[in-house]
**Q** 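Below is the structure I would like to discuss, written out as structure tokens.
Naming convention: chains lettered A, B, ... in sequence-line order (proteins, then strands); numbering from 1 in each chain.
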Protein chains: 2
Amino acid sequence: MGMVQQSVAGAGRRGRPGYDRQGILDVAVATFIERGYDATSIALLADRLGLSKSAIYHHFPSKEQILAAALDEALDSLEAALVPAGDDAGRSTPRGELAQLEHVLREAVHVLVERLPYVTLLLRVRGNTETERSALARRRAFDRQVRALIEAAQHSGELRSDIDARVAERLLFGMINSIVEWYRPGGRESAQSLADDVVALTLDGLRTP
Amino acid sequence: MGMVQQSVAGAGRRGRPGYDRQGILDVAVATFIERGYDATSIALLADRLGLSKSAIYHHFPSKEQILAAALDEALDSLEAALVPAGDDAGRSTPRGELAQLEHVLREAVHVLVERLPYVTLLLRVRGNTETERSALARRRAFDRQVRALIEAAQHSGELRSDIDARVAERLLFGMINSIVEWYRPGGRESAQSLADDVVALTLDGLRTP
């Protein structure tokens, strides 16, 4: 009762505390994962959020727009991993392709851990709608850029050339993406140590030198 | 019409050519993957196989028994990967833990490629029924044996110890299992070269020594 009143009272300019656009998105993503996208209605989301349907429509014109915003968020974060790390003044430091690849792998693990539900949702997309196909196209473009980085590092001699760059890219991100299957926030592995493990395993291997 | 007659004619002792127990299993696994287990009925399988429902029940008492047989097939093959390779006389050759781990990784890639639909089905199991929970328990036992092999190889100094064996096992099989997402039979990668790539990447790393 108190919550409903608060919801009505807070439905003005600032939105209900905790249920601004991002709050709606977080609950929607969790519900899509739990129930499936098709089985999730705006009415169900409104019920879970304690909001009216029109309060949701105020932020998102349709359920598909919620999905699009969620996938954009995962993809924006992943694509940011492709931007080389800058120095303190924000200038990007020129580095070798291998250092860039290591940066991408580390950042991808961080994105996965820190935006776990969003990345989980992205990995479930199968291309059933225009929104899903557009997300898959962005994901493929990301994969191509990683592959180009691997090829460049092979060309410069930093990476071994006896593994096809396309296969290497798929195996690397197959490993990274698989983390969504078992990673639980608050578990004993931090994003940092998981990123260290992935980089150590894939770049230097498990075998003792 | 000719096929129906053949089916009736061949329904005797030898079964219809191509649709013995294994043939029924192959079609059932493909249908479970395409339609989902819940949406697949014995009637649908009978229709796809051109068999009567009772011809299917002759081999499997229930749909769940078909699923159990399919999951057993994937798990039997995976567990066989844990048996050290024998010499020509069938005696197992004593080898170090690292060599055993390499054998398991290679064999797991072969199993995945050669029994792709069966492994795909196994990886979709979520524990909704007793049959699924039993398959998950066998899978976890497999994972524990791989982890014990990694720990033993770390103890003997063959593998680096700065990566937790549990995390290493999950990352290794996360990579291997991800192959079901993109591998297509008849593609340019053979099981052999894919196994070589996985072993090279995970044991020695992508970085040029």
Side-chain angles (χ1 to χ4, degrees), chain A residues 36 96-99 101-102 105 109 112 123-124 126 139-140 143 149-150 153-183 187-190 193-209, chain B residues 36 96-99 101-102 105 109 112 123-124 126 140 143 149-151 153-183 187-190 193-209:
Chain A
E97 285 87 3
L98 176 54
L101 177 66
E102 180 175 331
L105 299 178
V109 173
L112 184 141
L123 293 174
R124 293 197 186 173
R126 288 294 171 265
R139 175 71 216 215
R140 279 193 298 270
D143 292 343
L149 215 44
I150 295 171
Q154 289 178 325
H155 196 71
S156 71
E158 291 175 296
L159 290 188
R160 57 198 293 170
S161 296
D162 58 342
I163 302 180
D164 181 80
R166 181 191 300 255
V167 173
E169 186 274 319
R170 285 175 167 165
L171 293 176
L172 288 174
F173 273 85
M175 174 183 282
I176 291 174
N177 293 338
S178 75
I179 293 170
V180 304
E181 301 286 336
W182 58 270
Y183 188 84
R188 58 179 178 175
E189 280 286 311
S190 69
S193 82
L194 204 46
D196 287 344
D197 289 347
V198 166
V199 165
L201 198 162
T202 58
L203 296 187
D204 295 312
L206 281 176
R207 195 194 306 267
T208 306
Chain B
E97 285 87 3
L98 177 54
L101 177 65
E102 181 176 331
L105 298 178
V109 173
L112 184 140
L123 293 174
R124 293 198 187 173
R126 288 293 171 266
R140 279 192 299 270
D143 291 342
L149 214 44
I150 294 172
E151 279 165 355
Q154 288 178 326
H155 195 71
S156 71
E158 291 175 296
L159 289 189
R160 58 197 293 169
S161 296
D162 58 341
I163 302 181
D164 181 81
R166 181 192 300 255
V167 173
E169 185 275 319
R170 285 176 168 164
L171 292 176
L172 287 173
F173 273 85
M175 175 183 281
I176 290 174
N177 292 339
S178 76
I179 294 171
V180 304
E181 301 287 337
W182 58 270
Y183 188 84
R188 58 179 179 173
E189 281 285 311
S190 68
S193 82
L194 205 46
D196 288 344
D197 289 347
V198 166
V199 165
L201 199 161
T202 58
L203 296 187
D204 295 312
L206 281 176
R207 195 194 305 268
T208 306

**Q** Counting only non-hydrogen atoms closer than 4.5 Å, does L201(A) touch chain B with its backbone (N, CA, C, O), its side chain (CB onward), both, or neither?
**A** both

**Q** Please report the shortest heavy-atom distance between I150(A) and A165(A), naming the atom on each side.
**A** CG2-CB, 3.8 Å

**Q** I'd like to know whether D143(B) forms a side-chain contact (heavy atoms from CB on, under 4.5 Å) with R166(B), so could you lay out the CA-CA distance, the side-chain angles of the two residues, the decisive distance to 0.1 Å, and finally the verdict.
**A** CA-CA 9 Å; D143(B) 291 342; R166(B) 181 192 300 255; over 6 Å; no

**Q** Pick one of side chain, backbone, both or neither for L159(B), based on which atoms fall under 4.5 Å of a heavy atom in chain A.
**A**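 When you check distances to chain A, atoms from both the backbone and side chain of L159(B) fall under 4.5 Å.
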
**Q** Please identify each residue that fulfils side chain to side chain contact (heavy atoms under 4.5 Å, CB included) with D197(A), with sequence neighbours left out.
**A**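 E189(A), I163(B), V167(B), L171(B).
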
**Q** Please classify the contact of N177(A) with chain B as side chain, backbone, both or neither, using a heavy-atom distance under 4.5 Å.
**A**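 Neither part.
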
**Q** Measuring heavy-atom distances to chain A, does I179(B) have an atom under 4.5 Å in its side chain, in its backbone, in both, or in neither?
**A** side chain

**Q** Please determine, among E181(A), Q154(A), R207(A), the option with the most heavy-atom pairs under 4.5 Å with chain B.
**A** R207(A)

**Q** Against chain B, label I176(A) side chain, backbone, both or neither, depending on which of its atoms sit under 4.5 Å from a heavy atom there.
**A** neither

**Q** Quick one: of L194(A), D204(A), D164(A), L101(A), who has the most non-hydrogen atom pairs under 4.5 Å with chain B?
**A**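 Result: the option with the highest number of such pairs is D204(A).
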
**Q** Identify the two heavy atoms, one from V198(A) and one from T202(A), that lie closest to each other, and give their separation to 0.1 Å.
**A** O-OG1, 2.7 Å

**Q** With sequence neighbours excluded, tell me which residues meet salt bridge (charged side-chain N to carboxylate O under 4.0 Å, His left out) with E151(B).
**A**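 If we apply the salt bridge (charged side-chain N to carboxylate O under 4.0 Å, His left out) test to E151(B), skipping adjacent residues, there are no hits.
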
**Q** Would you give the length of the straight line joining atom CG of D162(B) to atom OG of S193(A), rounded to the nearest 0.5 angstrom?
**A** 11.0 Å

